[in-house]
S.K.: 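One structure, pasted below without further comment.
All residue numbers in this chain count up from 1 along the given sequence. Because the structure is a prediction, the values reported are computed rather than measured.
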Amino acid sequence: MSRTSRTVAAVAALALVASVSACSSSGTTTSARTDTIVYGKSDGGTTYVRNYNVLGPATEKAPNAELIYEPLARVDYSDGALVKPWLAESLDFDDAGTTLTISLRDDVTFSDGDAFDADDAAYSLSLPLEKPELNLAGVTYTSVEKVDDLTVAVGFDSPSFAALNQFASSSLPMVPEHIWAEQDLTTWTNPDPIGTGPFTLDAFAAQQVTLKARDDYWGGEMPMTYFKILATNGETVKAQLLRGDVDWAPAGWPGAEEEFVAKNPETNLYQLYATGGAYSMMYNTAQAPFDDADLRKALALSIPRSDITATLNRPGTEAGPTGLVDQIYEDWIDPEYRGVVQDVDEDAAKAALDASGYEVVDGALVKDGQTYNPRLSFNQDFGWNAYADIMINSWKKVLGITVAPAGAPGATLYDQQKTGEFDLTIATTGGAGVYGVYSFLDSRYVEPIGTSAATNIGRWSDPETDEILTGMTEASDEETMKALALDMQKIVVDEVPFTPLYNSYWFVDVNASNWTGWPTPEDFTAVPFPSLGPDTVLTLLALEPAS
């Protein structure tokens, strides 16, 4: 199925998996669990708040609400990050690309027994338009209309073939109008959620949440009765996985091969799945000296990416020069850049610095009587100091430039990046589909320094980029889209609006003593990450009790 097909086929039928008895097969100490899978949530704090108002302004929400509330579509990372239907049967653009007709599945019910229909879909899709403060998904459509009981039409002001990814966002869930329309969504905490997903809330405690599988889920029967969510952390969950107290976790685990997998390769799995994005260095292109492409190129050519990845959870994940991850976008990447790891090129870096017209005087950049002392900001909460130092030391060694470290707590850094109060900074880039990866470079998202920008934190403003991105949103065939993708890659490589450093991965830890049937990075149709909504559901449906 092509990315730009105007008619997206219905999602494949979901597996029906019977529940049978289970027993431990690993060398670890486990007790057989035939009805419960235990998820060690190591990335969400140590206590939970019973707030299932997934669109509300509160920052603290209940965990794994995406197993209760579902979107209309999903992103298939096993198939080029294509957007495919989920609660929708199909998503069809008209020839102009300005009207999207969404046909709903006819077999979906909410957990209170009410049918999910076009009234609910139209209500859910209208919420971000009527209440902009609830537009967490960043929707770009401008109108919603019910066509019939199972059909909704969504309107865009301009051709938007590439805009399907917003319908796969967990921040655009389908909710029951008969319940939500009666609430003040700015204050309601929705303690007893009703959704279309495969689970309902069974028990809630500050450090443990138990979800119970529905027996009338449209996607089929879950092989387990309970999905238990434990509050834990990255260190504690390692012991829990080894003991078999936890079946599944999302923790990055340096040395996992020796400390976990080697203990029992039959059951102990540690896997990485590409998110399609990368951690990248962003330049503040709205101000000198980083408004100069040659200077940006000089810095990019001086970064030792392999040294950086050696400090991470696993080596060998260096990002390519285009910002597109080979594992997902191989067919879209210019053959010249497929599989390329950018090594330090001292001669080319120095040549680029010379071309920029900047001189290095006592470590500072000097041009036209102005002196610049760059700073590199990064998230010190995530321990990025180590590789920030690697970059800074390499710039000093190769170019003679002194760049000062400017680590900051995550919240502070996030604000600085949004308002453009940085020289160089490290942030994530990526998205669903090639357009999704590059769309943040659209000049429509540029804000003056000091004003918060939603996406384009580097303040990249380039008419050619805008023209290509507009072409992508209007493209209705794969051939056109791929040609535009190549044009966009050329801009990223030649103009360096940002510099990819290393690829971003979902880390997956599994103790399969109680549940088997887990996918592998080499053979998967859904990413087995515990908070990916439809992908999580597909993973769970395919599991079987160990025997």
S.K.: Going by atom types alone, do Q416 and S377 pair a side-chain donor with an acceptor below 3.5 Å?
M.R.: no

S.K.: Specify the closest pair of heavy atoms between Y270 and A256, including all atoms of both residues, with the distance to one decimal.
M.R.: CD2-CB, 3.3 Å

S.K.: Is there a side chain to side chain contact (heavy atoms under 4.5 Å, CB included) between Q166 and L72? Walk through the geometry before answering.
M.R.: CA-CA 9 Å; Q166 58 198 283; L72 290 168; over 6 Å; no

S.K.: Do any N or O atoms from the side chain of Q240 and from the backbone of A249 form a donor-acceptor pair under 3.5 angstrom?
M.R.: no

S.K.: Looking at K84 and D79, is any side-chain nitrogen of the basic one under 4.0 Å from a carboxylate oxygen of the acidic one?
M.R.: yes

S.K.: Could you tell me how the ring of F204 sits relative to the ring of Y48: parallel (under 30°), tilted (30 to 60°) or perpendicular (over 60°)?
M.R.: perpendicular

S.K.: Any luck finding a side-chain donor-acceptor pair between T196 and E70 under 3.5 Å?
M.R.: yes

S.K.: Can you confirm whether the side chains of T520 and D523 place a donor and an acceptor under 3.5 Å from each other?
M.R.: no

S.K.: Could you tell me if D247 and N511 have a donor-acceptor pair between their side chains, going purely by distance under 3.5 Å?
M.R.: no

S.K.: Establish, from distance only, whether the side-chain atoms of Q417 and D415 form a donor-acceptor pair under 3.5 Å.
M.R.: no

S.K.: Could you go through N64 and K41, starting from their C-alpha distance and side-chain angles, then the distance that decides it, and tell me whether this counts as side chain to side chain contact (heavy atoms under 4.5 Å, CB included)?
M.R.: CA-CA 9 Å; N64 293 92; K41 186 170 176 56; 4.0 Å; yes

S.K.: Are any of the side-chain nitrogens in K228 or D202 under 4.0 Å away from the carboxylate oxygens of its partner?
M.R.: no

S.K.: Should the ring pair Y273 and F524 be called parallel, tilted or perpendicular, given that the plane angle runs from 0 to 90° and is split at 30 and 60?
M.R.: perpendicular

S.K.: Would you say the ring centers of W180 and Y69 fall short of 6.0 Å from each other?
M.R.: yes

S.K.: Does the side chain of D119 come under 3.5 Å of the side chain of H178 through a donor N or O and an acceptor N or O?
M.R.: no

S.K.: Indicate yes or no for a side-chain donor-acceptor contact from R214 to the backbone of F110 under 3.5 Å, with no hydrogens or angles considered.
M.R.: yes

S.K.: Between Y329 and G433 (side chain of the first, backbone of the second, donor and acceptor by atom type, cut-off under 3.5 Å), is there such a pair?
M.R.: yes

S.K.: So, for W515 and W248, is the gap between ring centers shorter than 6.0 Å?
M.R.: no

S.K.: For L150 and A118, work out which heavy atoms get closest and say how close.
M.R.: N-CB, 4.0 Å

S.K.: Is a side-chain N or O of T536 found less than 3.5 angstrom from the main chain of F529, in a donor-acceptor match?
M.R.: yes

S.K.: Specify whether F227 and F199 have parallel, tilted or perpendicular ring planes, treating 30° as the upper limit for parallel and 60° as the lower limit for perpendicular.
M.R.: tilted

S.K.: Centroid separation under 6.0 Å, is that true for the rings of F93 and F156?
M.R.: yes

S.K.: State, without any angle test, whether S439 and D442 hold a side-chain donor-acceptor pair at a distance under 3.5 Å.
M.R.: no

S.K.: List the atom of M481, the atom of A162, and the distance in Å for their closest heavy-atom pair.
M.R.: CE-CB, 4.1 Å

S.K.: Taking V83's backbone N and O only, do any of them form a donor-acceptor pair with D76's side chain (distance below 3.5 Å, no angle check)?
M.R.: no

S.K.: Suppose we screen for salt bridge (Lys or Arg N to Asp or Glu O under 4.0 Å). Which residues come up paired with D114, at least two apart in sequence or across chains?
M.R.: none

S.K.: Between N190 and Q183, does a side chain to side chain contact (heavy atoms under 4.5 Å, CB included) hold up when you go through it step by step?
M.R.: CA-CA 9 Å; N190 190 18; Q183 311 299 329; over 6 Å; no

S.K.: Any side-chain to backbone donor/acceptor pair from S160 onto A163? Under 3.5 Å, distance only.
M.R.: no

S.K.: Which atom pair, heavy atoms only, marks the closest approach of T322 to P500?
M.R.: C-CG, 4.3 Å

S.K.: Taking everything shown except Q208 itself, do over 12 heavy atoms lie less than 6.0 Å from its CD?
M.R.: yes

S.K.: Please report the C-alpha distance between K61 and N53 in whole Å, then the side-chain angles of each, then the deciding distance to 0.1 Å, and finally whether the side chain to side chain contact (heavy atoms under 4.5 Å, CB included) criterion is met.
M.R.: CA-CA 7 Å; K61 304 289 177 64; N53 180 357; 5.5 Å; no

S.K.: Do W460 and Y445 have ring centres separated by under 6.0 Å?
M.R.: no

S.K.: Taking the ring of F167 and the ring of Y141, is the distance between their centroids below 6.0 Å?
M.R.: yes

S.K.: Does a donor on one side chain sit under 3.5 Å from an acceptor on the other, for T516 and E544?
M.R.: no

S.K.: Check residues 125-135 and write down every donor-acceptor pair under 3.5 Å in which the side-chain atom is one partner and the other belongs to a residue at least two apart or another chain.
M.R.:
unit_1, atom_1, unit_2, atom_2, d
S126, OG, A122, O, 2.7
N135, OD1, G138, N, 3.0
N135, OD1, V139, N, 2.8

S.K.: Could you tell me whether the side chains of T200 and S111 share a donor-acceptor contact shorter than 3.5 Å?
M.R.: no

S.K.: If the threshold is 4.0 Å, N to carboxylate O, is there a salt bridge linking K146 and D148?
M.R.: no

S.K.: Would you say S443 and D466 are linked by a side-chain donor-acceptor pair, where the criterion is simply a distance under 3.5 Å?
M.R.: yes

